[in-house]
Amino acid sequence: MMANYVFSYRVPSDYRPNAGTPAEWQAWFGGMGSALVDLGHAVTDYALLGEVGGSGSRMIGYSVVSAEDMDSALALAKDCPALRVGGGVEVGPVMEVAGS
């Protein structure tokens with residue numbers, strides 16, 4: 001059974017995108033095909049409360065994908081552009097909440 005997973009994209013706090021960054025992300029999203037359930041949104045500013053992903057990184061966006069299991073979700077995340085700039089992807093299953 002397929003489940004939804006959230007991808008939280010993190011980059012080094014001093015990261016600055018370049019002219020090719022949007023096309024790189026669009027190509028990666030396009031390569032996920034129907035597994036991409038919700039493109040999500042970019043995060044344009046941030047503030048931290050407590051220990052969140054280490055002080056040397058910041059969240060730049062999120063998406064929701066559909067995958068058979070955690071290993072399949074991680075396989076979808078492995079080519080994420082954030083990884084090429086010293087960042088990472090947090091991956092976690094989405095739990096359905098009654099009434100949502």
Side-chain angles (χ1 to χ4, degrees):
M1 180 174 162
M2 300 294 270
N4 287 342
Y5 292 81
V6 66
F7 286 4
S8 173
Y9 309 116
R10 300 191 70 82
V11 294
S13 28
D14 61 352
Y15 168 77
R16 298 289 174 262
N18 63 46
T21 300
E24 187 178 11
W25 281 88
Q26 289 169 354
W28 180 65
F29 287 134
M32 282 195 270
S34 63
L36 184 62
V37 173
D38 179 357
L39 180 62
H41 294 281
V43 173
T44 58
D45 197 5
Y46 72 103
L48 301 175
L49 293 173
E51 182 59 30
V52 182
S55 60
S57 71
R58 62 184 171 95
M59 186 171 116
I60 59 165
Y62 73 92
S63 299
V64 178
V65 302
S66 177
E68 288 184 26
D69 53 28
M70 180 64 84
D71 287 339
S72 298
L74 290 170
L76 288 169
K78 74 176 176 57
D79 292 322
C80 176
L83 296 168
R84 291 191 278 283
V85 297
V89 184
E90 292 178 88
V91 178
V94 175
M95 182 178 83
E96 296 296 324
V97 177
S100 64

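Each residue takes its place number in the sequence, starting with 1.
Note on F7: it clusters hydrophobically with L39, by side-chain heavy-atom contacts below 4.5 Å among ILVMFWY residues. Linking ILVMFWY side-chain heavy atoms closer than 4.5 Å, directly or via other members, places V64 and I60 in two distinct hydrophobic clusters.
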Quiz prompt | side chain to side chain contact (heavy atoms under 4.5 Å, CB included) evaluation trace for V37 with V65 | solution = CA-CA 5 Å; V37 173; V65 302; 5.5 Å; no
Quiz item: So M70 and L74, side chain to side chain contact (heavy atoms under 4.5 Å, CB included) or not? Walk me through it.
Solution: CA-CA 6 Å; M70 180 64 84; L74 290 170; 4.0 Å; yes
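One distance of note links CD of E90 with OH of Y5; it measures 16.0 Å at 0.5 Å rounding. Interatomic distance, M32 CE to S66 OG, rounded to the nearest 0.5 Å: 11.5 Å. Residue Q26 holds its CD atom at 11.0 Å from OG1 of T21, rounded to the nearest 0.5 Å. Note that CZ of R58 and CZ of R10 are 10.0 Å apart. Values are rounded to the nearest 0.5 Å.
Here the shortest heavy-atom pairing between A67 and A73 reads CB-N, 3.6 Å. Minimum interatomic distance between V89 and L83 (heavy atoms only, all atoms of both residues): N-CD2, 4.4 Å. Across every non-hydrogen atom of M59 and S8, the tightest pair is SD-OG, 3.4 Å.
W28 and Y9 have perpendicular rings, their planes meeting at more than 60° on a 0 to 90° scale where under 30° would count as parallel. Between F29 and W25, the ring-plane angle classifies as tilted under the 30° and 60° cut-offs.
Under the 4.5 Å side-chain criterion, counting only non-hydrogen atoms from C-beta, S63 is in contact with L36.
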